[in-house]
Trainee: 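The structure under discussion is supplied below as structure tokens; questions concerning it will follow.
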Amino acid sequence: MLSRGVMTQSLTIPRPDDWHLHLRDGDMLRAVLPETARDFGRAIVMPNISPPVRTGADAAAYRDRILAALPEGMTFEPLMTLYLTEETDPSDVAAAFETGIATAVKLYPAGATTNSAYGVKDFTKIYPVLEKCAEIGMPLCVHGEVVDNDVDVFDREAVFIDRVLDPIRQEIPDLKCVLEHMTTRDAVDYVNSSDDGLLAGTITTHHLIINRNDILAKGLRAHNYCLPVAKREEHRLALRAAAISGHPRIFLGTDSAPHTDANKFQPCGCAGIFTATVTMPLMAQIFEAEGALDKLENFASRFGPAFYGKSVHETTMTLEKQDVPVAFPKSIEAAEGPVTVFDPGYPIFWKVV
Ligand code: NCD
Ligand code: ZN
């Protein structure tokens with residue numbers, strides 16, 4: 001519902017969900033979870049903690065730790081994922097899905113990103129588990145980047161689609177796949193060109209806002225560094241167009257990924273941008289700037305549940321445009337140190353009320 005008064009503009013939508021999120025564990029989990037649970041009803045929780053969430057038992061234990069860390073009075077449903085390795089047991093995966101412990105499996109090419117050392121090198125080794133997933137309707141979430149040293153970091157997503165994702169989809173045509181955190185026109189085109197209804201793509205907060213200049217052109221901006229790395233402006237524009245396009249299998253997955261400032265600023269700094277705190281205000285601002293505020297409801301609250309076979313929340317969120325910039329915290333304090341909140345580089349005028 002859109003309303004435009006004399007002074008305020010507001011938008012009420014069903015409570016949104018985050019279809020790709022890093023919550024970490026322990027003290028960091030306790031620090032960042034409220035930032036997500038305040039605004040989002042559910043999230044697909046990434047399994048790349050250390051050690052990774054590899055079995056149904058791991059997922060059940062991690063889910064319990066997340067629920068135990070949830071502050072009183074907040075409601076939030078973590079949707080768990082299982083980290084695929086070359087040793088993943090198809091029957092354990094199926095049992096975790098059928099008992100509701102796990103919602104999806106996650107493919108990290110070995111070495112592609114934070115805590116991916118256990119990931120997959122030989123993709124044919126996971127075909128038996130993917131066949132099982134196709135049979136039971138369990139989605140495969142992918143970190144869509146190859147890791148070959150001879151492939152330029154800016155080309156790794158497009159090459160992954162050609163060399164890994166498309167062959168998997170050809171080989172196992174009934175498998176539901178999510179190409180997560182899309183960063184290129186190639187990824188958008190690939191999702192748009194699929195017509196079997198089984199391929200979705202998610203888009204993060206930051207990839208709608210930054211391009212590679214924002215990482216490299218005005219000094220090295222560690223807080224804008226994530227994987228897959230932001231690409232050229234033409235790709236950011238393709239993502240903006242995709243987000244407002246109304247395509248039913250393109251929806252929000254923030255990839256909010258907290259690292260302490262100390263871990264971001266070191267000779268080998270961590271990849272990841274922490275956006276949970278500001279995502280929904282930024283979404284309203286972006287969709288408004290695109291003249292597509294009415295499309296946010298589908299992107300943030302309806303298309304994700306439809307793809308994952310979940311119901312849309314009956315509770316709502318209201319966002320309101322303010323006359324003056326809204327103050328958000330610069331960082332969240334975790335026991336290990338501060339985690340900087342994503343700064344889009346411009347004032348934010350929307351807030352959740
Ligand atoms: C994520 C993290 O920190 O866990 N980092 C990131 O840059 N997005 C991992 C991931 O999703 O690639
Ligand atoms: Zn991620």
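Here the structure is a predicted model, which means the values were calculated and not measured. Order of appearance sets the numbers: ligands from 1, and atoms from 1 within every ligand.
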Trainee: I'd like to know: is the Zn ion (ligand 2) within the 2.8 Å range of an N/O/S atom from Asp255, strictly under that distance?
Mentor: yes
Trainee: Return the closest protein heavy atom for atom 11 (O) of ligand 1 as residue, atom name and distance.
Mentor: His22 NE2, 3.0 Å
Trainee: Could you check whether any heavy atom of Arg24 sits closer than 4.0 Å to an atom of ligand 1, since that is the contact criterion I want to use?
Mentor: yes
Trainee: Hey, is Met46 one of the residues with a heavy atom under 4.0 angstrom from ligand 1?
Mentor: no
Trainee: Quick check: does His22 have an N/O/S atom under 2.8 Å of the Zn ion (ligand 2)?
Mentor: yes
Trainee: If you measure from CG on Leu23 to CZ on Arg63, what distance do you get to the nearest 0.5 Å?
Mentor: 14.0 Å
Trainee: For atom 8 (N) of ligand 1, what is the closest protein heavy atom, and at what distance to 0.1 Å?
Mentor: Asp255 OD2, 2.7 Å
Trainee: In this structure, does ligand 1 have an atom that sits under 4.0 Å from one of the heavy atoms of His181?
Mentor: yes
Trainee: CG of Asp294 to CD1 of Ile13: how many Å apart, nearest 0.5 Å?
Mentor: 12.0 Å
Trainee: Less than 6.0 angstrom from the centroid, inside 45 degrees of the normal: does Lys295 satisfy that with respect to the ring of Phe287?
Mentor: no
Trainee: Run the ring-centre check on His223 versus Phe265 and record whether the distance is less than 6.0 Å.
Mentor: yes
Trainee: Judged by atom type as modelled, is there a donor-acceptor pair below 3.5 Å linking the side chain of Glu157 to the main-chain atoms of Thr184?
Mentor: yes
Trainee: Report the nearest protein non-hydrogen atom to atom 5 (N) of ligand 1: residue, atom name, distance rounded to 0.1 Å.
Mentor: Ala271 O, 3.1 Å
Trainee: What is the nearest protein non-hydrogen atom to atom 10 (C) of ligand 1, stated with its residue, atom name and distance?
Mentor: Thr113 OG1, 3.4 Å
Trainee: Examine His20 and say whether one of its N/O/S atoms is closer to the Zn ion (ligand 2) than 2.8 Å.
Mentor: yes
Trainee: Can a donor-acceptor pair be found, under 3.5 Å and without considering hydrogens, that links the side chain of Lys231 to the backbone of Val229?
Mentor: yes
Trainee: For ligand 1 and Gly272, I'd like to know whether there is a polar contact (N/O to N/O, distance under 3.5 Å).
Mentor: yes
Trainee: Any heavy-atom pair between the side chains of Thr279 and Ser256 that's under 4.5 Å?
Mentor: no
Trainee: What protein heavy atom sits nearest atom 7 (O) of ligand 1, and how far off is it?
Mentor: Leu227 N, 2.7 Å
Trainee: Check the angle between the aromatic planes of Phe251 and Phe307 and answer parallel, tilted or perpendicular using the 30° and 60° thresholds.
Mentor: tilted
